[in-house]
Amino acid sequence: MKNKILYIFGSEWFGMAIATLAVSQVFFLVSKYLVNIDLKYTGEVFFGLGIIMFIVIFILWAIRGLTIHDKKYLHWNNLTRLSFIALIPIILFIMDHILIDLIGMSKLLAEVSLYNYFFSYFLALVLGILLGYRLYTKEIDKNEINYAIIIPPLSIGTSIFLATPLMGYYHGDIAETIYFLVLMGLGIFFFLYIFIGSIALSGHVSNKSDSTLPTAMLPVGVSSLIIINLLSIMSFGKVIGDITLNFGTVEFISILLYGFEVWNFIVVFILIFRKTTFGYLSVWAYGFPLGLFATSTIKLEAALRIPFLGDIFIFIWIVLMILWVYALINTYVFVDRIKHSVKA
């Protein structure tokens, strides 16, 4: 019975931790925007909760892989679960970024963060390569083709969250190396999204599985992440040779991408109310993309000084909180259903 319960802890559970960390990050942004210290404290609570979730889920996931011998290669043979492993480097990037924001950069934290940056970056890169290899070589089930497969390329793009404070601390060769990796990661992320995202869209349109429908929110996060990368890279300054970004160009591209974000968000928002996704863990997939959407919105508001973007930011925050609670309820229903099936 213990093995049956342990078996449910696949990599898709990492979605719970990253969604909670996304809520934490947005609370910090809202606290700064509204100048409210209580919201900052609430963000700290969600940050602690996200860390606890990640540690517990990671331990259970690792034990499951080591003890259930006939399931060791389940993630290798399932594209969805292989893709969800890429949430680990995203979680490590985001956790480190929030920690630096909370306590400030110190020599020790800078050194630990630098090691974490390289480890998480290359973990994301390796997982992206493995996904590409499996896409080309594996006989694929139609249920495996959903938006979850864009998580590995997405994960390498999230390195910008940790790269930004590191670029502010380090100089010389280290800064140039980080800058090079950020630009390279953005290229990998963008072009793989075009390729893999097209496959994922095709899978959703042809399959229309309720269990994977929430992952349709991920393209919102993709566009947001490109905007965040562009705005952050522009702030790095002239680090490598003559590589610079003009604000006008960044503004133009960002607004174009933001239009796609808004369109995709509205479509998925309608789907949330029109399609039943109750009792699925995949609803946690709403969290991280909305967190990125909120972040890109407030960054655009700060850069462009367009007041209504602040109102949109607050609206996204409210939606994110509602969907986080909804995902928590779904998780309870999912676990309760598993417990009854085990007893039966």
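In this text the structure is predicted, and so the values were computed from the model without any measurement. Quick note: residue numbers are just sequence positions, from 1.
- Using a 4.5 Å cut-off on side-chain heavy atoms (C-beta onward), P219 and Y193 make contact.
- For the pair L186/V182, no side-chain contact is recorded, criterion being any heavy-atom separation below 4.5 Å from C-beta on.
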Would you sort out whether W324 and Y286 count as a ring-ring contact (aromatic ring centres under 6.0 Å, His included), showing the intermediate values?
CA-CA 8 Å; W324 186 87; Y286 292 133; over 10 Å; no
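- The distance from the CD1 atom of I85 to the CD1 atom of I151 is 10.5 Å, given to the nearest 0.5 Å.
- W284 and T331 are linked by a side-chain donor-acceptor pair at a separation below 3.5 angstrom, with hydrogens and angles left out of the test.
- In terms of modelled atom types and a separation under 3.5 Å, the side chain of S296 and the main chain of F293 share a donor-acceptor contact.
- In the hydrophobic clustering of this structure, V283 groups with I270; members are Ile, Leu, Val, Met, Phe, Trp, Tyr whose side-chain heavy atoms approach within less than 4.5 Å, directly or through other members.
- Looking only at distances, a side-chain donor or acceptor of H97 sits under 3.5 Å from a matching main-chain atom of F161.
- I98 and L108 fall into different hydrophobic clusters, where Ile, Leu, Val, Met, Phe, Trp and Tyr are joined by side-chain heavy atoms under 4.5 Å apart, directly or via other members.
- Residue I316 holds its CD1 atom at 11.0 Å from CG of D311, rounded to the nearest 0.5 Å.
- Taking the side-chain contact (heavy atoms from CB on, under 4.5 Å) definition, one finds that F119 meets it with L92, L123, sequence neighbours left out.
- What you find for Y169 and A110 is that their closest heavy atoms are CE2-CB, 3.4 Å.
- I129 CD1 to R134 CZ: the interatomic distance, rounded to the nearest 0.5 Å, is 15.0 Å.
- Remark: side-chain polar atoms of T158 are paired, donor with acceptor, to backbone N or O of S155 under 3.5 angstrom.
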Could you go through I306 and L300, starting from their C-alpha distance and side-chain angles, then the distance that decides it, and tell me whether this counts as side-chain contact (heavy atoms from CB on, under 4.5 Å)?
CA-CA 8 Å; I306 300 177; L300 275 177; over 6 Å; no
As a quick check of understanding, evaluate side chain to side chain donor-acceptor pair (under 3.5 Å) for T297 and Y258, giving each step before the final call.
CA-CA 8 Å; T297 299; Y258 195 74; 2.9 Å; yes
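- Around the CZ atom of F118, the shell of radius 6.0 Å holds more than 12 heavy atoms that belong to other residues, nucleotides or ligands.
- When all heavy atoms of V220 and P289 are compared, the closest pair comes out as CG1-O, 4.3 Å.
- For the pair V267/W263, a side-chain contact is recorded, criterion being any heavy-atom separation below 4.5 Å from C-beta on.
- Separating the CD1 atom in I51 from the CG atom in L21 is a distance of 7.0 Å, to the nearest 0.5 Å.
- Other residues, nucleotides and ligands contribute over 12 non-hydrogen atoms within 6.0 Å of the CZ atom of F122.
- One distance of note links OG of S254 with CG of L304; it measures 7.5 Å at 0.5 Å rounding.
- Linking Ile, Leu, Val, Met, Phe, Trp and Tyr whenever their side-chain heavy atoms come within less than 4.5 Å puts L29 and I318 in one cluster.
- I194 and L256 fall within a single hydrophobic cluster, where Ile, Leu, Val, Met, Phe, Trp and Tyr are joined by side-chain heavy atoms under 4.5 Å apart, directly or via other members.
- Among W13, F14, F84, the single residue meeting the side chain to side chain contact (heavy atoms under 4.5 Å, CB included) criterion with W61 is F14.
- When all heavy atoms of F27 and G43 are compared, the pair lying nearest together is CB-CA, 3.6 Å.
- A donor-acceptor contact shorter than 3.5 Å is absent between the side chain of N116 and the backbone of V112.
- With hydrogens and angles disregarded, a donor-acceptor distance shorter than 3.5 Å links the side chain of S159 to the backbone of I156.
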Residue pair F47, Y41: steps toward the ring-ring contact (aromatic ring centres under 6.0 Å, His included) verdict:
CA-CA 10 Å; F47 178 56; Y41 293 149; over 10 Å; no
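- Contact between G15 and L87 at its shortest, heavy atoms only, is N-CD1, 3.5 Å.
- By the salt bridge (charged side-chain N to carboxylate O under 4.0 Å, His left out) test, D96 is found to be paired with no residue, residues two or more places apart in sequence or in another chain being considered.
- Looking at I314 and Y33, their side chains come closer than 4.5 Å, going by heavy atoms from C-beta outward.
- Classification of D101 and K32 as a salt-bridged pair holds, one side-chain N sitting under 4.0 Å from a carboxylate O.
- Within the 4.5 Å cutoff, no side-chain heavy atoms of V222 are placed close to those of N264.
- Cluster annotation: L290 and V325 are assigned to the same hydrophobic cluster (Ile/Leu/Val/Met/Phe/Trp/Tyr, side-chain heavy-atom contacts under 4.5 Å, transitive).
- To the nearest 0.5 Å, the span separating CD1 on I226 from CD1 on I160 amounts to 12.5 Å.
- Taking the six-membered ring for Trp and thresholds of 30 and 60 degrees, F265 and F315 have ring planes more than 60 degrees apart, a perpendicular arrangement.
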side-chain contact (heavy atoms from CB on, under 4.5 Å) evaluation trace for L192 with L154:
CA-CA 9 Å; L192 276 183; L154 181 74; over 6 Å; no
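- Side-chain atoms of S24 do not come within 3.5 Å of backbone N or O of T20 as any donor-acceptor pair.
- Inter-residue side-chain proximity for M321 and F46 is flagged as met; some heavy-atom pair is nearer than 4.5 Å.
- For the pair S113 and I100, the minimum side-chain heavy-atom distance is below 4.5 Å.
- Annotation for A17 and I91: closest pair CB-CD1, 4.0 Å, computed over non-hydrogen atoms.
- When each of F189, Y179, Y121 is tested with M184 by the rule side chain to side chain contact (heavy atoms under 4.5 Å, CB included), just one qualifies, namely Y121.
- Using a 4.5 Å cut-off on side-chain heavy atoms (C-beta onward), V250 and I227 make no contact.
- The two residues I149 and S83 make their nearest non-hydrogen contact at CA-OG, 3.3 Å.
- Classification of K40 and E44 as a salt-bridged pair holds, one side-chain N sitting under 4.0 Å from a carboxylate O.
- Using a 30° and 60° split on the angle between ring planes, F54 and F58 fall in the tilted class, from 30° to 60°.
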